[in-house]
Amino acid sequence: FGTETSPLWEMHVFLFFPSLGEARQWVQQLAPAGGCNLLKALKHVLTMKELNSLVIIMRSCPDQSLEILADYAQQCMLGRKLLVHAVTYDCGSPAATVKNLAEVVGGRYHCYSSMGEVGDTIPCFLSKPPKHEGPLIIQTPHFLARTSTDWLKTNGLKAKKLNLYQVLAPNAFSPVEEFVPILQKTVSSTLHEKAMMQFEWHDGTVKNIHVDLPILYKYQKLLAKMVRIYEKRINWLSVASRRIWGSVCERRVVILVDISVPNSTCIIHIQHSLRLLLEEQMSNKDCFNIIAFGSHIVPWQLELVPSQPENLQKAWRWVLRLQCSGSRNFMSALRRAVEVDFKEKDKHKSQGIYLLTTGIPDQETVISAYVAEACRGFDLQLHVCLFSVMENADSCGIIPARYATPTETAIAFKEIVQAANGRFHWFGEAGIFESDDISVIVSEMEKAKNYSQKYFLLGAVYRSYPKTVCIRKHVPSVRLPKKEEICSSKEWLTKYSIKKLKLELPRLMFGPSCTHQKKIVESLHKTVSAKYCTIFPSIEINGVVRHLQVQSKEMEIYIEQMEKVLLRYLQRIQWLLSGSRRFFGTILEANVCVLIDTSGSMDPYLPHIMKELTSLIWEQLRKNEIRFNLLRFAENTESWREHLVEATDKTCHDAVQWVSKFHAHGNTCILMALQKALSFQGVEALYILTDGKPDTSCNLILKEIERLRKQQDIKIHTISFSCVDREANEFLKKLASQTGGRYHCSFGDMDGQLAAHRMLTEGFDDEDDPVFPYFEGDDLKKLTEEVAKARGFLKQAKSMR
């Protein structure tokens, strides 16, 4: 594969000599081309269901990121036994990506070099640096060191709530058994056989588990992420001074250094180990001291001194003068540290003794009892750093006072460390052999691996279940526009209704298999409910009892999303009830004519109407650059212009001046006004404002308008102003509906503003208060109906928490 894939065969074939020859010839003809589209190659091969082994050979970096590749591979390999073997050759940058991919999918990794080197080479441990005797280059740690045990208290699987049993607990149920007197035997529920699978719990009991595959897959990703974090922690513990001393965590530290004669050949290594410790881990301590011991003890200072740079430099110069002599009188050095340096150990916290040695002490048997007594009841620990020197190293022919094999020495020091509540660290030139800090992290990684294997088992069994098993629908995340769109409520709700946003509560809560059912038990001659009905929450919907298929956390998410939707609905209602939209509704089209009723009945309202018309002209027509014309009608009609005009500052000023001269008189000749307005060239919609029933027959007007609209498709939006005549309002609704327009009624708008404001400030807890007034207009009616529906779902959801 390069940019494209090129298979030798479409499917794998049986191995025989002709196929081997064909494969050899195909390989010899390969030529480089394109990029490194590993994802496409994986998509090609992972569709083969019988595949059980996959070898990936690469030299260049994949086009896709590790996260994308790992996600795809994990999904395709779920429930399958497929071994992945990743090979990189003469490789630099892609090595890390391919290695991590192999680890994520539980495969193997191999690195090959044409120069004859395989994998990463290990540098010689503790080689003497060029400036060994130079001054210290002191570093200041950026964070407080912690033991791995303490670190896992905040970063362990349990602390991160990634324990498998923590994840499964909300969907785990104990089997229900009950003695039925009439049958004279214990009866078990059988519901889990259809909806659940059995899983062994950590306490040895068996639980019935409802498997939610998306949650388990997400859990698998989080486990893989934590394993990578643990690997970083192990790598951090395995470099620099931590490779020798582990992590020095205490604030008050005494270092015991073994300078017995057997260490003569490795004194440079011991000095360099101290140098690394002083440079990297001691600058942020409160105080320290160093005690060297052979047959006799040689303290650097008579007591603890502050960990200041000048003291660290003085300590290093003292270390360079150390000479090996005598045997390993560890007991004397330990007593000196406990009884002199830590004589006030009861007054201080965070105190530690660090021993660097190469062999078993002279007084092995009494040390454990002494440190147990010395450390009991105090914040004082003894940590051992055991350095295993190569067995063939020349020790000047001197035999130590006591001899033990490296394994025996390690066992002895483990007992001492256990008595002192400390940590054991065993290293050599080849690297770290054993470390309590690393072992704790490895144990956590093994636990994650064990959880991952159980996860694969759950996933595999789940996939084998019948397809009729109900799968929970998750609460979608809602995204609503902040800016108001100039459109009708019908059009707006086609994009943002509760149904379109998939927030209908019954859809989320109830699956096809969650109806409460009863089964006839022939021996009892009656219907009996499953025992698990008492465990699953249920509710009655339209006379049918249904079991809830939603978790409490998901219900909280649903409530949060529904309140977000309700808030947006109320903001749009407030927008529709503001400015000229409250009186005229929203002007949607780009070429319109506004018809105003100036009959005698409008006389009390005419000043208010002229004010609102002025607002309409500037707020909607001018702002949205709508071509328009105005027409007033009573017993006769009069238009402002003979055609539509552009909305400019000048034309809008002229229109306002024309409107200011309105006076009310005469009858209401709607048909004549509509015929005149429909004659304007290029008009798309008419907006007609009136307060009553027309003088002409309503049916005649509807028929005439239908005839005229056959020639040109023009919408008529009707606006009812202070009209209490039900027959007149019905006519206006029919006129708007017949022509594809909208009906708008300004009555009750102020009450609507107040209700919207109260909901925004007081919340949605009470479904019955505040309530919107009854809006007859199409835009506000549809939106308030959606608000009522949302409030009903919200109230129901809160009652189920």
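Small disclaimer: the values here were computed from a predicted structure and weren't measured.
With T668 contributing its side chain and P694 its backbone, the two residues share no donor-acceptor pair below 3.5 Å. Side-chain atoms of T690 do not come within 3.5 Å of backbone N or O of D597 as any donor-acceptor pair. The backbone N or O of I587 lies less than 3.5 Å from a partner atom in the side chain of Q620, making a donor-acceptor pair. Using a distance-only test at 3.5 Å, with no hydrogens or angles considered, a donor-acceptor pair links the side chain of Q64 to the main chain of L39. Between the S615 side chain and the K611 main chain, no donor and acceptor come within less than 3.5 Å of each other.
Here L595 contributes atom CG and L674 contributes atom CG; the two are 6.0 Å apart, rounded to the nearest 0.5 Å.
Taking H643 as the reference, nothing meets the ring-ring contact (aromatic ring centres under 6.0 Å, His included) condition, with sequence neighbours excluded. A search for side-chain contact (heavy atoms from CB on, under 4.5 Å) contacts involving K502 returns P476, R507, not counting sequence neighbours. Considering only residues two or more places apart in sequence or on other chains, S737 meets the side-chain contact (heavy atoms from CB on, under 4.5 Å) condition with none of them. Residues that satisfy the side-chain contact (heavy atoms from CB on, under 4.5 Å) test with N591, not counting sequence neighbours, are R627, L644, E684. Legend: residues meeting side-chain contact (heavy atoms from CB on, under 4.5 Å) with T637, ordered by chain and number and at least two apart, are L631, F633, M672, A673, K676. Judged as a ring-ring contact (aromatic ring centres under 6.0 Å, His included), and not counting sequence neighbours, Y72 has no contacts.
Counting non-hydrogen atoms of other residues, nucleotides and ligands closer than 6.0 Å to NZ of K733 gives a total above 12. Crowding of K495 atom NZ: a count of heavy atoms from other residues, nucleotides or ligands under 6.0 Å exceeding 12.
For residues 781-790, every residue pair satisfying the salt bridge (charged side-chain N to carboxylate O under 4.0 Å, His left out) rule, not counting sequence neighbours, is listed here: E504-K789. Listed by first and then second residue, the salt bridge (charged side-chain N to carboxylate O under 4.0 Å, His left out) pairs that reach into residues 648-669 are R622-D649, R641-D654, K650-D654, sequence neighbours excluded. Within the structure, ring pair (Phe, Tyr, Trp, His ring centres under 6.0 Å) pairs that include any residue of residues 687-717 comprise Y687-H717 (at least two apart or interchain). Applying the ring pair (Phe, Tyr, Trp, His ring centres under 6.0 Å) rule to pairs touching residues 613-632 yields W618-H653, F628-W640, sequence neighbours excluded. Pairs of residues two or more places apart, or lying in two chains, that qualify as salt bridge (charged side-chain N to carboxylate O under 4.0 Å, His left out) and include a residue from residues 631-640 are R632-E638. Sequence neighbours left out, the pairs with a member in residues 556-579 that pass ring pair (Phe, Tyr, Trp, His ring centres under 6.0 Å) are W492-Y569.
A ring-centre distance under 6.0 Å is not found for H744 and F583.
For the pair E563/I559, a side-chain contact is recorded, criterion being any heavy-atom separation below 4.5 Å from C-beta on.
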